[in-house]
Chemist: 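I'd like to ask you about the structure that follows.
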Amino acid sequence: MVSAFFLFCGCVEQANVAVVEKWGRFLRLAEPGLHFFNPCAGELVAGTLSTRVQSLDVRVETKTKDNVFVQLICTIQYRVVKENADDAFYELQNPQQQIQSYVFDVVRAIVPRMELDSLFEQKNEVAKAVLEELEKVMSDYGYSIEHILMVDIIPDAAVRRAMNDINAAQRLQLASVYKGEAEKIHLVKKAEGEAEAKYLSGVGIAKQRQAITDGLRENILNFSHSVSGTSAKEVMDLIMVTQYFDTIKELGDNSKTTTVFIPHGPGHVKDIGDQIRTGMMEASSSGL
């Protein structure tokens, strides 16, 4: 801005340039600092222009190739070229409106040739095309286009909802795949664990039966050597009867044991002994 200290002196502030006229015609540009004018000779300051970078937001509504209406928000950063400030001062009455008109023209010429997905991917190409067109035009009017930013692309609300639904469906599908794979791994590992447990249980049972067989054999041999005249069958019957009564005693001592009904009587002990002996012999003959 220009502030007058006295009649023939003026000061131009930093980041500004003053346009000096003489008798209504452009005379010169006054850069920041102290300047002297001769009003008597018709010299005066017609106006000042800022050389700072200015920003203009432009919202453009257009349609894509796949018939989707979108709004593009562009931010144009421009400044007055100091050396051509007279052109900027005299040629354009409303530079912002002029810039906005060219942005509308370029965007509405490029975007209808692009589909919506391509527009999101190539928004920098749109900004580059707008920059090239504005630089070519506005340089003649004393303006320099510094940057153009494609700030946002806003599709129609219904299209945004559809895009979100598609994205959500894809993520749910992917989540289902991962969940299915996790359940599959869980079932496989569970089956492997059960198979391993059954195998180890079988090995344990086989070893238990082998130990019982070895113990019975040792008891029979010891008893036969200690008591002369007894056969192995008689010793086996005695051991079976002893185990039978021990089992009956344990069932009676345990208050939580479920009641078990079995044939009971002196005549049935022999049958139980024969059944147990037969089972032990079958187990031994099968290699368990």
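Keep in mind it's a predicted model, so treat the numbers as computed, not measured. Positions are given from 1, in the same order as the sequence printed here.
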Chemist: Mark yes or no for whether S201, through its side chain, and A197, through its backbone, hold a donor-acceptor pair below 3.5 Å.
Modeler: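 Judged by distance alone, no pair lies under 3.5 Å.
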Chemist: Are there over 12 heavy-atom neighbours, none belonging to Q97, within less than 6.0 Å of that residue's CD?
Modeler: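 Open: at most 12 neighbouring heavy atoms sit under 6.0 Å from CD of Q97.
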Chemist: With clusters defined by side-chain heavy atoms of hydrophobic residues (ILVMFWY) lying less than 4.5 Å apart, directly or transitively, does V126 cluster with L149?
Modeler: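 No; tracing contacts between hydrophobic side chains, which count when under 4.5 Å, never links both residues.
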Chemist: Quick one: does any side-chain atom of N16 pair with a main-chain N or O of Q14 as donor and acceptor, under 3.5 Å?
Modeler: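 Side chain of N16 to backbone of Q14, a donor-acceptor pair under 3.5 Å: yes, one is there.
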Chemist: Which atom pair, heavy atoms only, marks the closest approach of V80 to A88?
Modeler: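 Where V80 meets A88 most closely, the heavy atoms are CG1-CB, 4.0 Å.
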Chemist: Is it the case that one hydrophobic cluster holds both V58 and V137, taking links as side-chain heavy atoms less than 4.5 Å apart, direct or via other members?
Modeler: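 Same cluster: V58 reaches V137 through Ile, Leu, Val, Met, Phe, Trp or Tyr contacts under 4.5 Å.
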Chemist: Between the side chains of Y78 and Q96, is a donor N or O closer than 3.5 angstrom to an acceptor N or O?
Modeler: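 Yes.
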Chemist: In this structure, are over 12 heavy atoms from other groups packed under 6.0 Å from Y141 atom OH?
Modeler: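 Open.
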Chemist: Please name the pair of heavy atoms, one in F120 and one in P155, separated by the smallest distance, quoted to 0.1 Å.
Modeler: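 Shortest heavy-atom contact: CZ-CG, 3.9 Å.
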Chemist: Is any side-chain heavy atom of R79 closer than 4.5 Å to one of R52?
Modeler: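 Not in contact.
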Chemist: Evaluate side chain to side chain contact (heavy atoms under 4.5 Å, CB included) for L116 paired with V70, printing each intermediate quantity in order.
Modeler: CA-CA 9 Å; L116 182 61; V70 294; 3.7 Å; yes
Chemist: Is the number of heavy atoms from other residues, nucleotides or ligands within 6.0 Å of CD (E192) greater than 12?
Modeler: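 Yes, enclosed.
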Chemist: For atom CZ of F69, is the number of surrounding heavy atoms from other residues, nucleotides or ligands below 6.0 Å larger than 12?
Modeler: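 It does not: F69 CZ has 12 such atoms or fewer within range.
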Chemist: Is any side-chain heavy atom of I76 less than 4.5 Å from a side-chain heavy atom of L134?
Modeler: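 Yes, side chains in contact.
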Chemist: Ignoring hydrogens, what is the shortest heavy-atom contact between Y143 and P95? Give both atom names and the distance.
Modeler: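 The answer is OH-CG, 3.2 Å.
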Chemist: Out of curiosity, I110 CD1 to E125 CD, how far, rounded to the nearest 0.5 Å?
Modeler: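 I110 atom CD1 to E125 atom CD measures 9.5 Å (nearest 0.5 Å).
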Chemist: Which heavy atom of V17 sits nearest to which heavy atom of A85, and what is that distance?
Modeler: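 Distance-wise, the nearest heavy atoms are CG1-CB, 3.6 Å.
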Chemist: Report yes or no: does R25 contribute a side-chain atom to a donor-acceptor pair with the main-chain N or O of E21 at less than 3.5 Å?
Modeler: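 Checking the backbone N and O of E21 against the side chain of R25, no donor-acceptor pair under 3.5 Å is found.
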Chemist: Can you give me the closest heavy-atom contact between F37 and E43, atom names plus distance?
Modeler: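 F37 and E43 have their closest heavy atoms at CA-OE1, 3.6 Å.
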Chemist: Measure the shortest side-chain to side-chain distance between L72 and V111 over non-hydrogen atoms and say whether it is less than 4.5 angstrom.
Modeler: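 Sidechains of V111 and L72: in contact.
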Chemist: With clusters defined by side-chain heavy atoms of hydrophobic residues (ILVMFWY) lying less than 4.5 Å apart, directly or transitively, does I73 cluster with L56?
Modeler: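 Result: no, two separate clusters.
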Chemist: Can you find a heavy atom in the side chain of D86 that is under 4.5 Å from one in the side chain of L29?
Modeler: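 Counting from C-beta outward, D86 and L29 do come under 4.5 Å.
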Chemist: Minimum heavy-atom separation for A41 and W23, please, with both atom names.
Modeler: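 Scanning both residues completely, I find the closest heavy atoms to be O-NE1, 2.9 Å.
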Chemist: Please determine, by modelled atom types, if Q77 and T75 share a side-chain donor-acceptor pair under 3.5 angstrom.
Modeler: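 Their side chains do not contain a donor-acceptor pair, so the 3.5 Å distance test is not met.
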Chemist: Any heavy-atom pair between the side chains of M138 and I99 that's under 4.5 Å?
Modeler: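 A side-chain contact exists here, since the closest heavy-atom pair is under 4.5 Å.
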Chemist: Is a side-chain donor or acceptor of N84 paired with a backbone partner of D87 at a separation under 3.5 angstrom?
Modeler: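 No; zero donor-acceptor contacts below 3.5 Å.
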Chemist: List the steps and the verdict of side chain to side chain contact (heavy atoms under 4.5 Å, CB included) for L119 and E115.
Modeler: CA-CA 6 Å; L119 177 59; E115 294 184 352; over 6 Å; no
Chemist: For a 4.5 angstrom cut-off between non-hydrogen side-chain atoms, does I154 reach R59?
Modeler: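 I154 reaches R59 side chain to side chain.
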Chemist: Under a 3.5 Å distance rule, please check whether S118 uses its side chain to pair with a backbone N or O of M114 as donor and acceptor.
Modeler: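 Checked: no pair found.
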Chemist: Heavy-atom distance under 4.5 Å between the side chains of N124 and K128, does that happen here?
Modeler: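 Counting from C-beta outward, N124 and K128 never come under 4.5 Å.
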Chemist: With the 4.5 Å side-chain cut-off for hydrophobic clustering, are V106 and I153 part of the same group?
Modeler: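 Yes.
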Chemist: Are side-chain heavy atoms of V45 and H35 found at a separation under 4.5 Å?
Modeler: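 Heavy-atom side-chain distance check fails, nothing below 4.5 Å.
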Chemist: Are E133 and K136 close enough, and set up right, to give a salt bridge (charged side-chain N to carboxylate O under 4.0 Å, His left out), and what steps lead you there?
Modeler: CA-CA 5 Å; E133 184 66 21; K136 182 172 59 177; 3.6 Å; yes
Chemist: State whether the side chain of R108 and the backbone N or O of E61 hold a donor-acceptor pair below 3.5 Å, judged by distance alone.
Modeler: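 Confirmed, R108 side chain pairs with E61 backbone.
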Chemist: Give the cluster check for V81 versus V19: same hydrophobic cluster or not, with ILVMFWY residues linked at side-chain heavy-atom distances below 4.5 Å.
Modeler: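 No, V81 does not connect to V19 through the hydrophobic network.
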